[in-house]
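Below is one structure, written out as structure tokens, with a few remarks after it.
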Amino acid sequence: MKKLLMFVVAVCFACSTAALAQDTGKSCDMEKTKGKAAASAPLKTLKGTVKAEGDKVTFVSDADQKSWDVMNPETLKGHEGHHVQLKAHVYADKNSIHVMSVKMLGKGSEKSSM
């Protein structure tokens, strides 16, 4: 009976250790994937105008008049038609940006991109 109890405890310990090792491997892979995504989408400061057509929100850059799709349009809610400065991750291959922060610019501000 004692041997059976020790065997059950040993099996439970082995299974929990194996499960923990699998979970740790997945979280490491996810961190590597996030790191690659952040590296391919640098954080940039952009100046331009927010445009809204229905549910679609776009950002038109002052520097080159390029139009960018906004991945998280809720961050620009209330800024439609305004001149703003954004800090955003730029995904040039997808022609889109992910806005991290937005700042309203005054009417007399320069129209240039950093």
Side-chain angles (χ1 to χ4, degrees):
M1 184 71 160
K2 219 177 197 184
K3 288 182 182 181
L4 180 62
L5 181 62
M6 290 301 285
F7 178 73
V8 170
V9 170
V11 169
C12 289
F13 179 73
C15 289
S16 64
T17 304
L20 181 63
Q22 288 178 351
D23 186 46
T24 303
K26 288 180 183 176
S27 65
C28 290
D29 291 342
M30 288 175 63
E31 288 176 11
K32 289 177 186 176
T33 304
K34 283 183 184 178
K36 288 179 184 177
S40 67
L43 184 65
K44 292 188 178 184
T45 301
L46 305 167
K47 291 182 182 179
T49 306
V50 178
K51 306 278 183 181
E53 296 175 13
D55 290 341
K56 185 174 180 178
V57 176
T58 57
F59 175 77
V60 180
S61 174
D62 287 344
D64 56 3
Q65 297 300 309
K66 183 171 181 171
S67 181
W68 298 92
D69 293 330
V70 180
M71 297 172 78
N72 55 340
E74 66 278 357
T75 57
L76 297 178
K77 187 174 183 177
H79 294 288
E80 295 87 354
H82 293 131
H83 191 240
V84 297
Q85 177 177 322
L86 303 178
K87 288 195 185 236
H89 289 283
V90 177
Y91 296 89
D93 58 332
K94 297 178 184 175
N95 196 39
S96 61
I97 58 174
H98 185 271
V99 179
M100 301 306 288
S101 68
V102 59
K103 177 181 168 185
M104 288 283 290
L105 295 176
K107 291 182 180 181
S109 65
E110 291 183 63
K111 290 193 171 190
S112 65
S113 177
M114 292 184 161

Problem set entry | CD on Gln85 to CE on Met104, rounded to 0.5 Å | 12.5 Å
Exercise. Just wondering, are more than 12 heavy atoms of other shown residues or ligands nearer than 6.0 Å to CD in Glu74?
Worked result: yes
For this session: Output the distance between atom NZ (Lys2) and atom CG (Leu5), rounded to the nearest 0.5 Å.
Result: 9.5 Å
Exercise. Could you go step by step and tell me if Val70 and Val99 meet the side chain to side chain contact (heavy atoms under 4.5 Å, CB included) rule?
Worked result: CA-CA 7 Å; Val70 180; Val99 179; 4.0 Å; yes
Exercise. Hey, what's the ring geometry for His89 with Tyr91, parallel, tilted or perpendicular (30° and 60° as the breaks)?
Worked result: tilted
Seminar exercise, completed: Nearest heavy-atom contact between Gly48 and Phe59 is N-CZ, 3.3 Å
Seminar exercise, completed: Rounding to 0.5 Å, atoms CG (Asp62) and CG (Leu46) come to a distance of 9.5 Å
Seminar exercise, completed: Between Lys77 and Glu80, the two heavy atoms sitting closest are CA-OE2, 3.9 Å
For this session: Considering non-hydrogen atoms only, spot the tightest contact between Trp68 and Ser96 and give its length.
Result: CE3-N, 3.6 Å
Problem set entry | Value rounded to 0.5 Å, distance of OG in Ser101 from NZ in Lys87 | 6.0 Å
For this session: Taking the side chain as every heavy atom from C-beta outward, state whether Thr58 and Lys51 have any atom pair closer than 4.5 Å.
Result: yes
Exercise. Should the heavy atoms of other residues, nucleotides or ligands under 6.0 Å from NZ of Lys103 be counted, would the total exceed 12?
Worked result: no
For this session: Go through Asn72 and His98 one step at a time and tell me if the side chain to side chain contact (heavy atoms under 4.5 Å, CB included) criterion holds.
Result: CA-CA 6 Å; Asn72 55 340; His98 185 271; 3.6 Å; yes
Seminar exercise, completed: Taking every heavy atom of Val84 against every heavy atom of His79, the minimum-distance pair comes out as CG1-ND1, 4.2 Å
Problem set entry | Any Leu86 side-chain heavy atom under 4.5 Å of Leu76 side chain | yes
Seminar exercise, completed: When rounded to the nearest 0.5 Å, the distance separating CD1 of Ile97 from CG of Asn95 is 9.5 Å
